[in-house]
Number of protein chains: 2
Amino acid sequence: MNTLAYGLLSLLTHVPLSGYDLTQRIQPFWPAKHSQIYPLLARLEKYGMVSCELVQQSDKPDKKVYSLQEKGFDALREWLTVPAAEPVMRDELMLKAFCVSYVEPAVSRDLFAARLEHYRAKLLRLEDKIRGVRQLANADEAETPPYDSPFFGPYIMLNKGLMVCRTNIEWCEWVLSIIPGGTSATADRKD
Amino acid sequence: MNTLAYGLLSLLTHVPLSGYDLTQRIQPFWPAKHSQIYPLLARLEKYGMVSCELVQQSDKPDKKVYSLQEKGFDALREWLTVPAAEPVMRDELMLKAFCVSYVEPAVSRDLFAARLEHYRAKLLRLEDKIRGVRQLANADEAETPPYDSPFFGPYIMLNKGLMVCRTNIEWCEWVLSIIPGGTSATADRKD
DNA sequence: TACTGCATGTAAACCGTTACATGATTCG
DNA sequence: CGAATCATGTAACGGTTTACATGCAGTA
């Protein structure tokens, strides 16, 4: 039972999902490839944490849909009582940023401009998703789903994503504004 | 040549360092244990990227001090021209947050309160560090070291750390404020 | 026709952590 | 006297990525 295993159980609390679906949905929180997910699901089934049902489809390949079992739910509740480990963040850009002074401004400019675009695109995706969650939860703009709602978790996580994403955009714009020789094409916006 | 290898070269641009020092300094940007660093440094020396000098010490154990070589510097410049890979973030709390609705508020409250403390402590460390860098760079409050300065890189990174840390604190406080049954002992501060 | 999405799996290689191993000095 | 810091290394294990493998349906 590693963290990824608990992550899969977490996603299965809301609704039964296939290995394929789980692989897509866990990406934002705990990136993992299907080659890691499929064997893990088999193990979770062997342990009785989840059950598996083969669903036949005509237009698409058949799939295995996993549901959380009582034993898995117990394991999850137990896991939730132990404090979360410190987050681990590995960002190549942070290493590159360390020695930008040693290359021409144009080179580092490209680096931060690319990252800025990445975050701007991510922000749009997140705003879209949060609209989706609010619709499902029947919540107005600026209204939060109640604690008991299954949308509470996704909602607070999406908000974290939004806040951090905006901060990163701000940071990229600031860095671009202090790298000399900017054409101000990407590094606009003075605050 | 993996990312960690380039990270070590990056740190060596400023000043020669021992494996022990490198292990300490790379933690905030690319967490790694000494067991990974020492063999990598030996490999980097074999490739001619760094040179190694044995420094004898009387009060402390002898150490190997590594310096960046021309070949390593070339590799680094080459590496800086390719766009940085997307950051990878793995946070157990995000997985736990997903299913907080399924446990009592007190349990999730502990989770976020602990994380809030973690970020508050981190913020203090960062503020301390940025004061140190500003002193070394002879910069006033709110003044940024010039692009050519070796302090430029560390300065922009520390600022990112600060900004993201503050955002995380804000988020934790917000989450604690919307979890029902709060004693407002840890979740104070209404904005 | 070629690519993308759906869907599942295995094997090899690589990355990262934990544990094993040693030994001096300094501080409480 | 025990713990922390400095300092370097290896071995085993577990986590993660990349590559191999297959196959159908819809779209450009």
Side-chain angles (χ1 to χ4, degrees), chain A residues 1-9 11-12 16-47 50-66 79 85-92 94-95, chain B residues 1-9 11-12 16-47 50-66 85-92 95:
Chain A
M1 290 303 292
N2 55 24
T3 307
L4 180 58
Y6 287 107
L8 296 175
L9 297 183
L11 291 178
L12 292 175
L17 291 165
S18 67
Y20 186 86
D21 284 336
L22 283 164
T23 306
Q24 318 294 311
R25 301 202 189 192
I26 207 163
Q27 294 311 313
F29 318 115
W30 197 274
K33 312 286 174 182
H34 71 267
S35 53
Q36 212 181 345
I37 309 269
Y38 289 129
L40 227 189
L41 281 170
R43 221 161 70 203
L44 287 174
E45 196 198 358
K46 210 177 63 185
Y47 294 166
V50 300
S51 67
C52 172
E53 194 197 353
L54 193 89
V55 173
Q56 271 160 340
Q57 299 180 122
S58 48
D59 51 336
K60 289 184 261 178
D62 299 351
K63 61 180 175 179
K64 292 181 176 181
V65 172
Y66 293 89
W79 175 66
E86 282 186 36
V88 172
M89 160 78 132
R90 286 201 175 89
D91 188 351
E92 221 179 79
M94 288 302 96
L95 297 174
Chain B
M1 289 300 294
N2 54 24
T3 307
L4 179 58
Y6 287 108
L8 296 176
L9 297 182
L11 291 178
L12 291 175
L17 291 166
S18 68
Y20 186 85
D21 284 336
L22 283 164
T23 305
Q24 318 295 310
R25 302 203 188 191
I26 208 162
Q27 294 310 313
F29 318 115
W30 199 274
K33 311 285 174 184
H34 72 267
S35 53
Q36 214 181 344
I37 310 269
Y38 289 129
L40 228 189
L41 282 169
R43 221 162 69 203
L44 287 173
E45 198 198 357
K46 209 176 65 184
Y47 294 166
V50 300
S51 67
C52 172
E53 195 197 354
L54 192 91
V55 173
Q56 271 162 340
Q57 299 180 120
S58 49
D59 51 336
K60 288 184 263 180
D62 300 350
K63 61 180 174 179
K64 292 181 175 180
V65 172
Y66 292 89
E86 280 186 36
V88 172
M89 160 79 131
R90 285 205 176 85
D91 188 351
E92 221 178 77
L95 297 174

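Each chain gets a letter, A, B and so on, in the order its sequence line appears, and its residues count up from 1.
Atom CG in A:Leu40 sits roughly 9 Å away from atom P in D:dG15 (whole-Å rounding). With rounding to whole Å, B:Arg43 atom CZ is found 10 Å from C:dC15 atom C1'. Taking atom OH of B:Tyr66 as the reference point, atom P of D:dA7 lies 13 Å away to the nearest angstrom. In this structure, OH of A:Tyr38 is placed 20 Å from P of D:dG15, rounded to the nearest angstrom. What separates CG of A:Asp62 from P of D:dT22 is a distance of 19 Å, to the nearest Å. A:Leu22 has its CG atom 9 Å from the P atom of C:dT8, to the nearest Å. The distance from atom CG of B:Asp21 to atom P of D:dC6 is 9 Å, rounded to the nearest whole Å. As rounded to whole Å, 16 Å separates atom P of D:dT8 from atom CD of B:Gln36.
B:Ala42 comes within contact range of no nucleotide atom at all, as no heavy-atom separation falls under 4.0 Å. Backbone-only contact: A:Lys63 has heavy atoms under 4.0 Å from sugar-phosphate atoms and none from a base. The residue A:Lys33 sits close to a base: some heavy atom pair falls under 4.0 Å.
At the phosphate of C:dC15, neither OP1 nor OP2 sits under 4.0 Å from any side-chain N or O atom of A:Arg90. Remark: A:Gln57 is not in phosphate contact with C:dC6, judged by side-chain N or O atoms under 4.0 Å from OP1 or OP2.
Closest-nucleotide positions on DNA chain D for A:Met1 and B:Gln24 were compared, and the one nearer the 5' end corresponds to B:Gln24. Toward the 5′ end of DNA chain D lies the nearest nucleotide of A:Pro31, the other residue of the pair A:Pro31 and A:Pro61 mapping further downstream.
Side-chain contact between B:Leu22 and B:His34: absent, with no pair of heavy atoms (C-beta onward) separated by less than 4.5 Å. Between B:Tyr38 and B:Lys64 the shortest side-chain heavy-atom distance does not fall below 4.5 Å. In this structure, the side chains of A:Leu95 and B:Tyr6 stay at 4.5 Å or more apart for every pair of heavy atoms. A 4.5 Å side-chain heavy-atom check between A:Leu8 and A:Val50 finds every atom pair outside the cut-off. Side-chain contact between B:Gln36 and B:Ile26 is absent, with no heavy-atom pair separated by less than 4.5 Å.
Listed nucleotides C:dT8, D:dT17, C:dA7 differ in distance to A:Lys64; the shortest reach to its side chain belongs to C:dT8. Here C:dT26 is the nucleotide among C:dT26, C:dG16, D:dT8 with the atom lying nearest to any side-chain atom of B:Asp59. Listed candidates were D:dT10, D:dG15, C:dC15. Nearest to the side chain of B:Pro39 is D:dT10. Proximity note for B:His34 (side chain, C-beta onward) versus C:dA19, D:dT16, C:dG16: the nearest is C:dA19. With C:dG23, C:dA7, C:dG16 as the choices, the nucleotide that has an atom nearest any side-chain atom of B:Trp30 turns out to be C:dG16. The side chain of B:Tyr20 approaches D:dA7 more closely than any other nucleotide in the set C:dT8, D:dA7, D:dG15.
Between the side chain of B:Ser18 and the base of D:dT8, no donor-acceptor pair of N or O atoms lies under 3.5 Å. The base of D:dT16 lies outside donor-acceptor range of the side chain of A:Ser35, with no N or O pair under 3.5 Å.
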May I have the step-by-step check of side-chain contact (heavy atoms from CB on, under 4.5 Å) for B:Leu11 and B:Asp21, ending in yes or no? CA-CA 10 Å; B:Leu11 291 178; B:Asp21 284 336; over 6 Å; no
